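Here's the structure, in structure tokens; my notes come after.
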There are 2 protein chains.
Amino acid sequence: MSPRSGRRPGSEDTKAEILAVARRLFAQRGYRETTLRDIGAAAGVDPSLVSHYFQCKERLFSVALEVPLVPAEILDLLRGGDPSRAGERVIRLFLRLWEGPPTREPLLAMLRSAVSDDRARELLASFLGAAVVEPVGTVLEGAERELRATLVGSQLVGLAVARYLLCIEPLASADPERLVAWIAPTLQAYLAG
Amino acid sequence: MSPRSGRRPGSEDTKAEILAVARRLFAQRGYRETTLRDIGAAAGVDPSLVSHYFQCKERLFSVALEVPLVPAEILDLLRGGDPSRAGERVIRLFLRLWEGPPTREPLLAMLRSAVSDDRARELLASFLGAAVVEPVGTVLEGAERELRATLVGSQLVGLAVARYLLCIEPLASADPERLVAWIAPTLQAYLAG
DNA sequence: CGCGTAATTCATCAACTGATGAATTATAAC
DNA sequence: GTTATAATTCATCAGTTGATGAATTACGCG
């Protein structure tokens, strides 16, 4: 009787939904603790369908990691406009990326997995190197340019970890404008030397 | 013939060595990716011996996490001495803890596991809350005391992640004194308001 | 309608995990 | 010396994981 298996009527783009669910779970729990069965269950789908669409878990993960951030954007941000406000522009871009769920989830997944998975760590490190440290470093002037660029990165990573990952109060619920007010000067100090 | 099983001659304090190995592996790979078999192998010992000494993996982990840091120490650090140098004292204590392997490893393990494991995350969050944010918050003066305390925490966590966990250059190899020079003013700004 | 193709589930595999209880051996106490 | 005790390994379990191949069903095109 009850036809359990076989194609389901209607319900198009299950693949996209699987990806969305995977992204959410990877962001919440990281790579290792997210199982294909979890993803399947959360998507209301057999786990093997996940394997079917994305071959293996790693490939699904790498697809889920794709982050909509162009390094060039950061460079423009630094060069354009008032140099004495570069720090403010950077923290604003950062918050804009992290406050929006569609961009936050891949970032969270990346961060969360980078600390336990070596591949993800190298991915994030090289991403940060190419997307932040290097461009920022070349734009800066004065001594210790690259060190200062990584210091900017350290404050931003720390904010991401404390606010979005560990959810430490009251930082986690603080108004973004308050964060801009406090952190912009820090970044500005690192940027200006 | 070859007596494989049974007690080994000599070789005292295997338990301590197992713990040391576990600490190292937990720090390197985090909780989930460190298997009891890995620990046993690295300690040159049967995996079941690990279970025997520490009952279960979680208990071993919690023992490995014990971190030699008294919250009161931080309070004294803030209150004692020149208030305009409190930031410098904080970053110096922080670096002292992280530069020494015996204290770095539990901290790294804690940090690494906190991002993927919920129990470890709550552990770290409550630890940070009780050991850093709250004491620091009560000592501070002016508006947004607690937010500023967590901002201090965010810069420190970011430094730990970027330097010791992701190993982003040139921050990872930078001379501690350089870090003090750059970061002390940041912390001072958060502390002083 | 009939047929190919894509979507989906089912059953199942081998590998690995943490844990347990029994068995074996060295050390310490008497 | 005998004996209790602690140290250590072995064999083994049940659970979970990612992956695969076959089977079942719906859709689209002719």
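Here the structure is a predicted model, which is why all the values come from computation and not from measurement. Chain A is the first sequence line, chain B the second, and so forth, proteins listed ahead of strands; every chain is numbered from 1.
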Original post:
Of all the nucleotides listed (dC10(D), dA19(C), dT8(C)), which has the minimum atom distance to the side chain of Tyr53(A)?
Top reply: dT8(C)

Original post:
Rounded to the Å, how far apart are Lys57(B) NZ and dT17(C) P?
Top reply: 9 Å

**OP:** List in numerical order all residues of residues 34-45 of chain B for which some heavy atom is under 4.0 Å away from an atom belonging to DNA chain D.
**Re:** Val45(B)

**OP:** Just jot down the side-chain hydrogen bond (donor to acceptor under 3.5 Å, both in side chains) partners of Arg96(A), sequence neighbours excluded, or say none.
**Re:** Glu73(A)

Subject >> For Asp46(B), all residues meeting salt bridge (charged side-chain N to carboxylate O under 4.0 Å, His left out), sequence neighbours excluded >> reply: none

Subject >> Nearest-neighbour nucleotide for the Ser48(B) side chain, dT9(D), dA19(D), dG18(C) considered >> reply: dT9(D)

**OP:** Using atom NZ of Lys15(A) as one end and atom C1' of dA7(C) as the other, report the distance to the nearest whole Å.
**Re:** 12 Å

Subject >> All pairs passing ring-ring contact (aromatic ring centres under 6.0 Å, His included) where residues 172-193 of chain A contributes a residue, at least two apart >> reply: none

**OP:** Output the single nucleotide from dT8(D), dA19(C), dA19(D) whose closest atom is nearest the side chain of Leu49(B).
**Re:** dT8(D)

Original post:
Under the salt bridge (charged side-chain N to carboxylate O under 4.0 Å, His left out) test, which residues partner Arg59(A), sequence neighbours left out?
Top reply: none

May I have the list of side-chain donor-acceptor pairs in residues 157-167 of chain B shorter than 3.5 Å, sequence neighbours left out?
residue	atom	partner	partner atom	Å
Arg163(B)	NE	Glu99(B)	OE2	3.3
Arg163(B)	NH1	Leu171(B)	O	2.9
Arg163(B)	NH1	Ala174(B)	O	2.9
Arg163(B)	NH2	Glu99(B)	OE2	2.8
Arg163(B)	NH2	Ala174(B)	O	3.3
Tyr164(B)	OH	Glu99(B)	OE2	2.5

**OP:** Could you state the atom-to-atom distance from CG of Asp46(B) to P of dT20(C) in whole Å?
**Re:** 15 Å

**OP:** Round to the nearest Å and state the distance from Glu33(B) atom CD to dG18(C) atom P.
**Re:** 11 Å

**OP:** Calculate the interatomic distance between Arg32(A) atom CZ and dT16(D) atom P; express it in whole Å.
**Re:** 17 Å

